[in-house]
Novice: 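Structure in structure tokens, see below.
Every value quoted in this text rests on a predicted model; they were computed, and no experiment measured them. Convention: sequence-line order gives letters A, B, ...; per-chain numbering from 1.
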Protein chains: 4
Amino acid sequence: MFSKFLNLDKEKQDRIINAAIKEFTQKGYDRGSTNEIVKEAGISKGLLFHYFQNKKQLFLFIFDYCYEIVIDEFYKKIDFQETDFFMRMRQAIGIKVEMLATYPDIFKFIQEVFLEESAEIKVEFDKKKTEITHINIEKAYEGIDYTKFRDDVDLTKILKIINWTFEKMSDEALAQAKLSPTHEIDYLTIQREAEEYFQILTRVFYK
Amino acid sequence: MFSKFLNLDKEKQDRIINAAIKEFTQKGYDRGSTNEIVKEAGISKGLLFHYFQNKKQLFLFIFDYCYEIVIDEFYKKIDFQETDFFMRMRQAIGIKVEMLATYPDIFKFIQEVFLEESAEIKVEFDKKKTEITHINIEKAYEGIDYTKFRDDVDLTKILKIINWTFEKMSDEALAQAKLSPTHEIDYLTIQREAEEYFQILTRVFYK
Amino acid sequence: MFSKFLNLDKEKQDRIINAAIKEFTQKGYDRGSTNEIVKEAGISKGLLFHYFQNKKQLFLFIFDYCYEIVIDEFYKKIDFQETDFFMRMRQAIGIKVEMLATYPDIFKFIQEVFLEESAEIKVEFDKKKTEITHINIEKAYEGIDYTKFRDDVDLTKILKIINWTFEKMSDEALAQAKLSPTHEIDYLTIQREAEEYFQILTRVFYK
Amino acid sequence: MFSKFLNLDKEKQDRIINAAIKEFTQKGYDRGSTNEIVKEAGISKGLLFHYFQNKKQLFLFIFDYCYEIVIDEFYKKIDFQETDFFMRMRQAIGIKVEMLATYPDIFKFIQEVFLEESAEIKVEFDKKKTEITHINIEKAYEGIDYTKFRDDVDLTKILKIINWTFEKMSDEALAQAKLSPTHEIDYLTIQREAEEYFQILTRVFYK
DNA sequence: CATGAATGAGCCTTCATTCAT
DNA sequence: CATGAATGAAGGCTCATTCAT
């Protein structure tokens, strides 16, 4: 599909990818302009459409590219020896926070995608999102010792509650950051708050 | 502000409102075309801008209009005599499900707004959103008997976990529906599932 | 033609006239909006077009109205006993400067008309302008003693040169003022400069 | 800035330039329609804005283009050997009249610009106009022998009076032409009349 | 491979003017 | 007399995409 693009010398690839990330992160899919992308990347109009049939394909490629980088590094850093669910989750959150600092643009882009996706690309992405979510959960929780959870309630539902809690918590933190004047995310406060939720969830869901 | 519009005969108002809801729900703010709206509403280009100074004002008006309808009816149906938290929440979810069936367009529109908001209208809506959320929580939980909750964990956080759980649950249900061929929402299944979460949350968070 | 309008109570007439002067002075004929005029005057759209068939007629009326005020007052103040050409001219310039301070809006409007007139109204105004100019010269120089001028050159041409000199001088002064930060016109400097030109012209054109 | 446009093949450039000159000369800046220009030039909407970011830039370009042509040719034809002020001026007027016949459209356009400038472009042009005027006067009078002028009056003011005289004279001639049915300019009469003013001015301002 | 000129539908908005009330 | 809702053409401008070179 994008083999032509991938044969390009790395430096040019990067220029294009970064330009696209920047534009789409700033303006979203709909208002993101291919004009601006080629200008920023220093390539011609035609070339962009030579590699990526159209704007949508470009966007999809950029999303996959970013997602892969993030996901790969994420699993590389997870310690699969740790079998305690909450310890594993603590790790996951720590890694996420770390990566947010390392790849702020890429992360911001993925975030935007998950929020803002226009009608144009909704269908494609709704599918992609559930796919991704399913894969993640299965992989991220590999080898977990589930016997520590209380037996009187459905385990799958417990896990959902816990996941949702942390997802919503981080959503709120990001929303908060967006309202602050500096748009700065206060990672320390997030981690401290997360810890409190960990305590609660451990107490109520572990035997 | 919109007094000119509100003096119009109800039928025309409705044609315009419905056309706008339809267009914005389908295509979002940025891609939603005022051209389409006037065509669908059967009015002239100029008239729309006679009532609503510009696209943004129209969108804001439509949002407020929809939100008010939904919120008003919601609180009218809630039984504030019921002081048990989970019973109250059961009610709330029941009412929501009911309203989803009565005003599917309006509901869908509000949902879209909460997700998709373009850069153009972000600032206005981020404020509006937090405002709305705060008001709702305070009002919806009026008169609740919180003594039933266990004392060994922070009550505020418990409530957040519970809210988040149902929010995420309904998000997932809607996402599921969108993937199905008919886009039909299976309310019965949702309520049955919600009930299961109620059981779990009551068990772990009540004394 | 505008008898309907002139039968209106004076206060309303003034509101409309002032609103129109303000709008046309600020934005010129083309960009001047009848919408703004009715808003400022506090009357309805329809009424304006009831009195003045269309925008052009309104503009013409406003121009004539302003012009008459200015011209009437001008001739009332001229001392026709003074028969020396240059003394008469000194008077004229003094009166103009005075009136500029008394009716700044009206004056500014007339000035704008003489400069900016759009294609739409050019034909009508070119005629009006030459008409006006001819009338003015004839009237303003009534009773002048032309025997003081040297006989070896054509008197008509001398008068033209003198008139043109003062017209251009004031054009330049106005242009200068427009370039200054405050847009303030320095009347004193103008009169002092005019005096110098008077000296020169008297010396070279009088016997 | 306009390099894209200037790389175009000459024929297309001309089509666009001529279309723009025609439209702006006829209707002025504000009412001049880019729609009409592209229609007349036989190009697409987008292309015009590909070359010229917006209407204002287009107008500025056209003005500079026209001005340069006129000015270049003007100075090429002036005989700088001639040091007599009035002889030099006679030349200048002769050349102007000649050029008016060669480039009637361009000349008419420049003239319009100097008169009609809309609020939109006023600031840019007020600066440009004074700049241009200063350059011209300095250059056109290079090498003139000013000792022939009478010493008892300020030379600068004399020069101003003379310049203004011929400017106003040609303004009047043009205004006259516009009122005639054919809009034809009678160059012969102008030159004959100019000659009479030359005689007068020489007599009164030379020693 | 690479260019960038060219397209033209589409965008939001403004406006003078009309006309039923 | 007076209103202001209604019109719809026209405005400047943007944009993804194509294609001859």
Side-chain angles (χ1 to χ4, degrees), chain A residues 4-5 7-9 12 29-39 42-59 120, chain B residues 3-5 7-9 12 30-38 42-58 120, chain C residues 4-5 7-9 12 30-39 42-59 120, chain D residues 3-5 7-9 12 27 30-38 42-58 120:
Chain A
K4 263 188 272 177
F5 177 71
N7 284 345
L8 225 53
D9 70 295
K12 203 176 207 173
Y29 176 75
D30 284 329
R31 298 178 84 88
S33 158
T34 53
N35 268 350
E36 289 303 314
I37 293 171
V38 299
K39 216 185 289 170
I43 59 164
S44 76
K45 213 79 216 292
L47 202 56
L48 192 74
F49 287 89
H50 178 68
Y51 292 133
F52 308 97
Q53 226 164 318
N54 53 42
K55 193 184 174 182
K56 202 193 283 189
Q57 294 303 317
L58 167 64
F59 190 80
E120 264 282 279
Chain B
S3 53
K4 262 190 248 173
F5 177 72
N7 283 346
L8 224 53
D9 70 296
K12 202 174 209 174
D30 282 331
R31 298 180 80 90
S33 160
T34 53
N35 273 348
E36 289 303 314
I37 293 171
V38 299
I43 59 166
S44 76
K45 211 77 221 294
L47 197 53
L48 192 72
F49 290 91
H50 180 66
Y51 293 132
F52 308 97
Q53 234 167 313
N54 53 43
K55 193 184 176 183
K56 203 194 278 190
Q57 294 304 318
L58 167 62
E120 268 279 281
Chain C
K4 262 188 271 175
F5 176 73
N7 284 344
L8 226 51
D9 71 295
K12 203 176 206 173
D30 284 329
R31 300 177 83 88
S33 159
T34 52
N35 268 348
E36 290 303 314
I37 292 171
V38 298
K39 218 186 288 169
I43 58 162
S44 76
K45 213 77 216 293
L47 202 55
L48 192 74
F49 286 89
H50 177 68
Y51 292 132
F52 309 96
Q53 225 164 320
N54 53 41
K55 193 185 176 180
K56 203 193 283 188
Q57 294 305 317
L58 167 63
F59 190 80
E120 264 282 279
Chain D
S3 52
K4 262 189 247 173
F5 177 72
N7 285 346
L8 223 54
D9 70 296
K12 202 175 209 172
K27 312 219 198 113
D30 282 332
R31 298 180 80 89
S33 159
T34 54
N35 274 348
E36 289 304 314
I37 292 171
V38 299
I43 58 167
S44 75
K45 209 78 219 289
L47 196 55
L48 191 73
F49 290 93
H50 180 65
Y51 293 131
F52 308 97
Q53 234 167 312
N54 52 43
K55 193 184 176 182
K56 203 194 281 189
Q57 294 304 316
L58 167 63
E120 265 281 280

Novice: Give me the ring orientation class for Y29(A) and F59(A): parallel if the planes are under 30° apart, tilted from 30 to 60°, perpendicular past 60°.
Specialist: perpendicular
Novice: Under 4.0 angstrom, heavy atoms only, what part of the nucleic acid is K39(C) near: base, sugar-phosphate, or nothing?
Specialist: nothing
Novice: Can you list everything that forms a side chain to side chain contact (heavy atoms under 4.5 Å, CB included) with T34(B)? Sequence neighbours excluded, please.
Specialist: K45(B), L48(B), F49(B), K55(B)
Novice: dA5(E) phosphate, OP1 or OP2: any side-chain N/O from H50(D) under 4.0 angstrom?
Specialist: yes
Novice: Contact class for F52(D) vs. all strands (heavy atom < 4.0 Å): base, sugar-phosphate, or nothing?
Specialist: nothing
Novice: Can you establish whether the number of heavy atoms outside Q57(C) located under 6.0 Å from its atom CD is more than 12?
Specialist: yes
Novice: Figure out the CD1/P separation between I43(A) and dA16(F), and round it to whole Å.
Specialist: 13 Å
Novice: Can you see which heavy atom on K4(B) is nearest to which on H50(B), and at what distance?
Specialist: NZ-O, 3.4 Å
Novice: Between K4(D) (NZ) and dT3(E) (C1'), how many Å, whole number?
Specialist: 13 Å
Novice: With sugar-phosphate meaning primed atoms plus P, OP1 and OP2, does L8(A) contact a base, only sugar-phosphate, or nothing at under 4.0 Å between heavy atoms?
Specialist: sugar-phosphate
Novice: Go ahead and write out DNA chain E as dot-bracket, 5' to 3': ( ) for pairs within the strand, [ ] for ones crossing earlier pairs, | when the partner sits on another strand, dots for unpaired; Watson-Crick or G-U wobble, both distances under 3.5 Å.
Specialist: .||||||||||||||||||||
Novice: I'd like to check the side chain to side chain contact (heavy atoms under 4.5 Å, CB included) partners of S33(C); sequence neighbours left out, ordered by chain and number.
Specialist: E23(C), N35(C), E36(C)
Novice: Side-chain N or O of Y51(A) less than 4.0 angstrom from OP1 or OP2 on dC1(E)?
Specialist: no
Novice: For K56(B), what residues pass the salt bridge (charged side-chain N to carboxylate O under 4.0 Å, His left out) criterion, not counting sequence neighbours?
Specialist: E124(B)
Novice: Hey, could you give me the CG/CG distance between L8(B) and L47(B), rounded to the nearest 0.5 Å?
Specialist: 7.0 Å
Novice: For a quick check, with a 4.0 angstrom heavy-atom cut-off, what is the B/S/- contact string for nucleotides 16-21 of chain E, read 5' to 3'?
Specialist: BBB---
Novice: For L47(D) and L48(A), find the nucleotide of DNA chain E closest to each by heavy atoms; which residue's nucleotide sits nearer the 5' end?
Specialist: L48(A)
Novice: Any side-chain N or O of K12(A) below 4.0 angstrom from OP1/OP2 of dC1(E)?
Specialist: no
Novice: So does S44(D) get a side-chain nitrogen or oxygen closer than 4.0 Å to the phosphate oxygens (OP1/OP2) of dT7(E)?
Specialist: yes
Novice: Once the angle between the rings of F52(A) and F5(A) is folded into 0 to 90°, is it parallel (under 30°), tilted (30 to 60°) or perpendicular (over 60°)?
Specialist: tilted
Novice: For D9(A), enumerate each residue passing the side chain to side chain contact (heavy atoms under 4.5 Å, CB included) test, keeping only those at least two apart in sequence or located in another chain.
Specialist: E11(A), K12(A)
